[in-house]
Visitor: 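Sharing a structure here in structure tokens format.
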2 protein chains.
Amino acid sequence: MKIERAGERNTIDRRVARTRGLLQDALIALIPEQGYAAVTVDDICQRANVGRSTFYTHYADKDALRSATIEAHLRSIGRRREAASQETGSRLFEFSLPMFEHAHAFRPLHHALLASSGDTIHDELRERIRRAVREELVEKRIGDRGMPAEFAIQFIAGAFLAVLAWWVATDMNLSPAQADDLFQRMAGKGIGA
Amino acid sequence: MKIERAGERNTIDRRVARTRGLLQDALIALIPEQGYAAVTVDDICQRANVGRSTFYTHYADKDALRSATIEAHLRSIGRRREAASQETGSRLFEFSLPMFEHAHAFRPLHHALLASSGDTIHDELRERIRRAVREELVEKRIGDRGMPAEFAIQFIAGAFLAVLAWWVATDMNLSPAQADDLFQRMAGKGIGA
DNA sequence: GCATTTCCAGACATTGTGTCCATTATGATA
DNA sequence: TATCATAATGGACACAATGTCTGGAAATGC
């Protein structure tokens, strides 16, 4: 009699690894084509050449597959980051360079993760904010010395939207004027190391 | 015989205005409760007390309703900004305060707009980045003088994701090291007005 | 008041989801 | 290599949501 206690398994059946790999790759391949929301479980299975019932023996649903896929890649970034952390010692944001490097190596994945969601409204709001930032930066000729204008624009617009979303989601302890003040400070002086 | 040319209508039937208003309000109300993706057309109709078939006489689908809802409000933000622009004159980022103020006045709308893109794929990555930023900022005790840590975290994480998305979407003329360098500079010193 | 428009409930076909089962195929192990 | 455990498979099923279409009832505008 063989008793196999939970979690005692130290090797993974090749079939499992193969199936999961195929499914993950299929998802990543399909997202740029149709957008995540439009991708069906059936699409994934056909692209991966995997039976639909097999899908459900591995993942509860599409979201579970997505999580697992991201999780796997994110772990590799984490390892890379730890390695980098020991080398460089005390950089300001240790996560950023490994992330840029990973995005460079796995561009299709990151494109799938970050590309405009196809959501016209979100994209429209983003674009409006960017336009507003662009106008001001160009008009007032701020930020030179090798800093590409578009980079600064994306930076500021992204920061603003993130901060606005957070502020709206919280209980709004800060007044609009206070929130704006903090934003202006961060945008102007940065984290001020 | 009465011929009604397209677009010649100058008044809107009260029933139409009433129905559309109810549907838009219902959507905005439901998004914070369940998230946009989980809201069904039936949910919206029940909340709005409107027949489901009526829904489809006004909007092609759920996305169309969302578009129409947000578009209307976005126009009012534009007007507010123009007004504010004339008053203040020469602030650094003129768009930000009016936006914060509008978000304060129409919080449910902005919550619906910014909370979850419906594309949950962003949210997961977003959360990971935030965690990475949070660890570093807290660990290294950076940013004091009345700057709430969470504000700085959201700011940096949002800026990073926007910059990363932009970089991945372009032809990647910048190397990972260069991109990271620019990011570090902006994060550390800001726009440097 | 009357013609027009909108609202509505319900029926319908369609698509995608998630579960289950019996059967076949394949990797692990000795 | 033989054996056994596990994975993969297609098909059937119930279910939920979508989007279309009807005919009649209700409201609106003029």
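All values below were derived from every heavy atom in this structure, side-chain atoms included, with hydrogens, water molecules and symmetry-related copies excluded. Naming convention: chains lettered A, B, ... in sequence-line order (proteins, then strands); numbering from 1 in each chain.
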Visitor: Counting heavy atoms not belonging to B:Arg131, are there more than 12 under 6.0 Å from its CZ?
Guide: yes
Visitor: Should A:Glu33 and A:Arg47 count as side-chain neighbours, where that means a heavy-atom distance under 4.5 Å?
Guide: yes
Visitor: Separation of A:Asp63 atom CG from C:dT17 atom P, in whole Å?
Guide: 11 Å
Visitor: Nearest-Å distance, CG (B:Asp42) to C1' (D:dC15)?
Guide: 14 Å
Visitor: Between B:Arg14 and B:Ala60, which residue's closest nucleotide on DNA chain D lies nearer the 5′ terminus?
Guide: B:Ala60
Visitor: Would you say that B:Arg130 contacts B:Glu127 through its side chain, given a criterion of any heavy-atom pair below 4.5 Å between the two side chains?
Guide: yes
Visitor: In whole Å, I'd like the distance from the CD1 atom of B:Ile12 to the P atom of D:dT28.
Guide: 15 Å
Visitor: Which atom pairs link the protein and nucleotides 23-26 of chain C when you take only N or O atoms and keep those under 3.5 Å?
Guide:
from	atom 1	to	atom 2	distance (Å)
C:dT26	O2	A:Arg15	NH1	2.7

Visitor: Which heavy atom of A:Trp167 sits nearest to which heavy atom of A:Met172, and what is that distance?
Guide: O-CG, 3.4 Å
Visitor: Measure the distance from CG on A:Asp43 to P on C:dG16 and round it to the nearest whole Å.
Guide: 7 Å
Visitor: Could you check whether any side-chain heavy atom of B:Leu27 comes within less than 4.5 Å of a side-chain heavy atom of B:Leu23, counting everything from C-beta outward?
Guide: no
Visitor: Considering only D:dT18, C:dC7, D:dA8, which nucleotide approaches the side chain of A:His58 most closely?
Guide: D:dA8
Visitor: Can you list the steps and then say if B:Phe100 with A:Phe160 is a ring pair (Phe, Tyr, Trp, His ring centres under 6.0 Å)?
Guide: CA-CA 10 Å; B:Phe100 277 114; A:Phe160 176 76; 5.4 Å; yes
Visitor: Under 4.0 Å between a side-chain nitrogen and a carboxylate oxygen: does that hold for A:Glu101 and A:Arg107?
Guide: no
Visitor: How close or far is atom C1' of C:dT6 from atom OH of B:Tyr59, stated in whole angstroms?
Guide: 14 Å
Visitor: Closer than 4.0 Å, any side-chain N/O of B:Tyr56 to the OP1 or OP2 of D:dT20?
Guide: no
Visitor: How close or far is atom C1' of D:dG19 from atom CZ of B:Phe55, stated in whole angstroms?
Guide: 11 Å
Visitor: Which heavy-atom pair separates A:Leu137 from A:Ala152 by the least distance, and what is that distance?
Guide: CD1-CB, 4.0 Å
Visitor: Test A:Leu30 against every option in A:Ile44, A:Thr40, A:Asp25 by the side-chain contact (heavy atoms from CB on, under 4.5 Å) rule and name the one that passes.
Guide: A:Ile44
Visitor: Would you kindly say whether A:His110 and A:His104 are connected by a side-chain donor-acceptor distance under 3.5 Å?
Guide: no
Visitor: When the C1' atoms of the five terminal pairs at each end define the local axes, what inter-axis angle does the helix from C:dG1-D:dC30 to C:dA30-D:dT1 show, to 10 degrees?
Guide: 40°
Visitor: May I ask you to establish whether B:Lys62 and B:Phe55 are in a cation-pi arrangement, using a distance under 6.0 Å from NZ or CZ to the six-membered ring centre and at most 45° from the ring axis?
Guide: no
Visitor: When the distance from CG of A:Asp61 to C1' of D:dA16 is rounded to whole Å, what number comes out?
Guide: 15 Å
Visitor: For each nucleotide in nucleotides 8-14 of chain C, reading 5' to 3', give B when a protein heavy atom comes within less than 4.0 Å of its base, S when such contact involves only the sugar-phosphate, and - otherwise.
Guide: BBB----
Visitor: Rounded to whole Å, please give me the gap between CD1 in A:Ile44 and C1' in C:dT17.
Guide: 12 Å
